[in-house]
Amino acid sequence: MTEGTQAQNTPAPIYGSAVTKVEPFGVDHIPDNERHGKPSSQFFVWFAAGLNFPIILLGFSAAWFGMSFSAAVTAIVIGAALGSLLMAVMSRMGVRLGVPQQIQARGPLGFFGNFLPVAYINVFAGVGWAAVTVILGGKAFAELTHLPYWLCALALTAVELVVSIYGYNMINYLQRVLTYVLTPLFLLITVVAIARGGSLFHANPHADGYIGSTGGWVTFGGWFLSFLVAWAPFASDYSRYLPDTPEVVTRTAWYTGLGNFVTICWLGIVGVVVGGSATSSDSITALHELAGPFAVPALLAVGLSALAQNFLNVYGGAISVQTLRIPVARSQAVTGICLLAYAISLWGESGTEAKFKVFLNLTAYFIAPFAAVLLLDFYLGGRSDPSRIAELYDRRRVLDWGFVAWAGGVAASVPFWQSSFYTGPFSKAYPGAGDLSMFVAAGAGVILYLLTYRFKPLWVRGSSAETPDPSADKAAAVTS
């Protein structure tokens, strides 16, 4: 068959690269004729998502931990590097398989074994993250416009809802636009904040939060790693439409990693430099202190950055709802998530920063073994083979050993938890060790996976003669 004949036999795309067309796909596999876009799109998706003020707030904690400036910077760089590497590899998986990350997890965990981690990691935590982001953006716009907070939060939510319903192409387009808009605004925040209160500092064993040089370094760097670990279950969602060629796969990984690494390091180090001059933990008050006469563009940056984050939170959350086989269209899932996030944002308007750190910790404890199992399954379990995509939609594969590895990883980490929500017995007895929970969870998950991945699935039902249908989720994948 000639190349021209092959082109004639390839069906025309029904979605393609159209920005103003509602995405017709949900959690089903993206066919070759719908693959489009450039790997560089992943840089803009994740660079824009990383431009947010909470990362600067995390940097404030270096002085509270009594860390030296050099120790704080190395912790941020190493945490960001590890998290960016994870995101790069998981984004690469999306190009190869053409399905969302949550669907990929059906491979090692089983079709229904995947329900529990997705329900917590991507639905519950996704709604929570969306609410925290709405709070920050709503506060910024309320301060900027002098309108009521509830109205500003509602306007933000409405924009997120519309864009998330349009889906993949619209989100990729707007993330590029927001990168160009937000970058100069955050550069302004950086220059003004450092000029008004930037300083370098030495280690201080008498600091209020000092838990030892090692423990502080581990916990502090772990926060920046956790921020990227929290994105890991969504990495493939924004790369699965890219053409599956070796060059695209490689370049996608590089662009994804770079987009994440630059923003986390940049804003985290800014937070370290100016942390000693900020007297408030409230995000908007701290922003006023740092920006001074330039508070207006700074508030605009925080408000707009809420959109860059929540486009991903809401869209990824809707995919998660459909992964759970809840019989709703993607537009309905998006609407439900936006309404829940908005309601929670009205309830949780105060104490945002404390809630942010709780979500940061708890999501990382659950996601770290989830990501570890997915990576091992992709590289050791043979999941990188596109011919096995049909298995991801096979409902006969009820439960597999990957679920045991994930659950065992989470359980092993509980004694090490270090959060205002719950502190485990190890952390109480040895606070100077820092927060090791995420690393213990991932390590235990790896060990359990390696011990079990060659076993037969835990639970398979039905006749082996049945042929799994790759479009089994089509009913849940429609958008309208």
Side-chain angles (χ1 to χ4, degrees), residues 27-29 89-90 93 96-97 99-125 229 232-233 236 319-327 362-415 437-438 440-473 475-476:
V27 296
D28 39 343
H29 174 254
V89 175
M90 300 195 86
M93 293 161 65
R96 191 79 184 102
L97 299 179
V99 298
Q101 212 89 60
Q102 302 94 309
I103 295 295
Q104 293 173 25
R106 288 176 177 174
L109 278 74
F111 192 97
F112 294 99
N114 190 38
F115 277 22
L116 182 58
V118 166
Y120 172 76
I121 292 171
N122 296 340
V123 179
F124 169 73
V229 167
S236 287
I319 287 178
S320 304
V321 169
Q322 293 183 304
T323 302
L324 297 175
R325 298 289 297 167
I326 298 173
L362 291 181
T363 52
Y365 302 162
F366 282 78
I367 294 174
F370 182 82
V373 168
L374 259 68
L375 288 174
L376 289 172
D377 186 63
F378 187 80
Y379 288 103
L380 292 182
R383 194 64 54 189
S384 59
D385 182 359
S387 68
R388 297 183 62 187
I389 290 173
E391 294 178 13
L392 304 177
Y393 299 90
D394 185 359
R395 283 175 286 180
R396 296 171 302 147
R397 299 177 62 256
V398 177
L399 189 65
D400 215 331
W401 286 98
F403 177 84
V404 175
W406 169 75
V410 173
S413 73
V414 172
S437 312
M438 175 172 50
V440 172
V446 167
I447 292 171
L448 288 170
Y449 179 87
L450 293 176
L451 290 174
T452 59
Y453 81 100
R454 294 184 185 276
F455 293 173
K456 293 181 179 180
L458 273 170
W459 182 2
V460 177
R461 68 183 183 189
S463 170
S464 59
E466 295 177 11
T467 302
D469 181 3
S471 62
D473 286 56

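The figures here come from the full heavy-atom set of this structure, side chains too, leaving out hydrogens, waters and symmetry mates.
- Applying the salt bridge (charged side-chain N to carboxylate O under 4.0 Å, His left out) definition to pairs two or more places apart or across chains, none involves residues 402-412.
- Note on residues 366-375: no pairs pass salt bridge (charged side-chain N to carboxylate O under 4.0 Å, His left out), not counting sequence neighbours.
- With sequence neighbours left out, the side-chain contact (heavy atoms from CB on, under 4.5 Å) criterion links Pro369 to Trp406, Val410, Ala441.
- In this structure a side-chain-to-backbone donor-acceptor pair under 3.5 Å is missing from Asn114 to Ile103.
- Across Val373 and Gly445, no two heavy atoms sit closer than the pair CG2-O, 4.4 Å.
- Residues Pro386 and Arg96 form a side-chain contact, since some pair of their non-hydrogen atoms from C-beta on lies under 4.5 Å apart.
- Here the CD1 atom belonging to Ile389 is positioned 11.5 Å from the CG atom belonging to Asp28, to the nearest 0.5 angstrom.
- A heavy-atom distance below 4.5 Å is not found between the side chains of Arg106 and Phe112.
- The nearest pair of heavy atoms linking Leu374 to Pro108 is CD1-CG, 4.4 Å.
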Considering only distance and modelled atom types, tabulate donor-acceptor pairs under 3.5 Å from the side chains of residues 447-460, sequence neighbours left out.
unit_1: Tyr449; atom_1: OH; unit_2: Asp377; atom_2: OD1; d: 3.3
unit_1: Thr452; atom_1: OG1; unit_2: Leu448; atom_2: O; d: 2.7

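- Every residue meeting the side-chain contact (heavy atoms from CB on, under 4.5 Å) condition with Arg397, not counting sequence neighbours, appears here in chain and number order: Arg383, Glu391, Asp394, Asp400.
- Of all heavy-atom pairs between Pro233 and Gln102, the closest is O-OE1, 3.3 Å.
- Closest heavy-atom contact between Ala232 and Met90: CB-SD, 3.6 Å.
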### Message
Test side chain to side chain contact (heavy atoms under 4.5 Å, CB included) on Ser236 and Gln104; report intermediate values, then the result.
### Response
CA-CA 9 Å; Ser236 287; Gln104 293 173 25; 3.0 Å; yes
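- For the pair Leu109 and Pro117, the minimum side-chain heavy-atom distance is below 4.5 Å.
- Nearest heavy atom pair, residue Val27 against residue Tyr393, reads O-OH, 2.7 Å.
- We find the CZ-OG distance between Phe115 and Ser320 to be 12.0 Å, quoted to the nearest 0.5 Å.
- The two residues Ala444 and Gly409 make their nearest non-hydrogen contact at CB-CA, 3.8 Å.
- Side chains of Phe111 and Leu392 form no contact here, defined as non-hydrogen atoms less than 4.5 Å apart.
- Applying the side-chain hydrogen bond (donor to acceptor under 3.5 Å, both in side chains) definition to pairs two or more places apart or across chains, those involving residues 362-372 are Tyr365-Asp435.
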### Task
Could you go through the side chain to side chain contact (heavy atoms under 4.5 Å, CB included) check for Met438 and Ile367 one step at a time?
CA-CA 8 Å; Met438 175 172 50; Ile367 294 174; over 6 Å; no
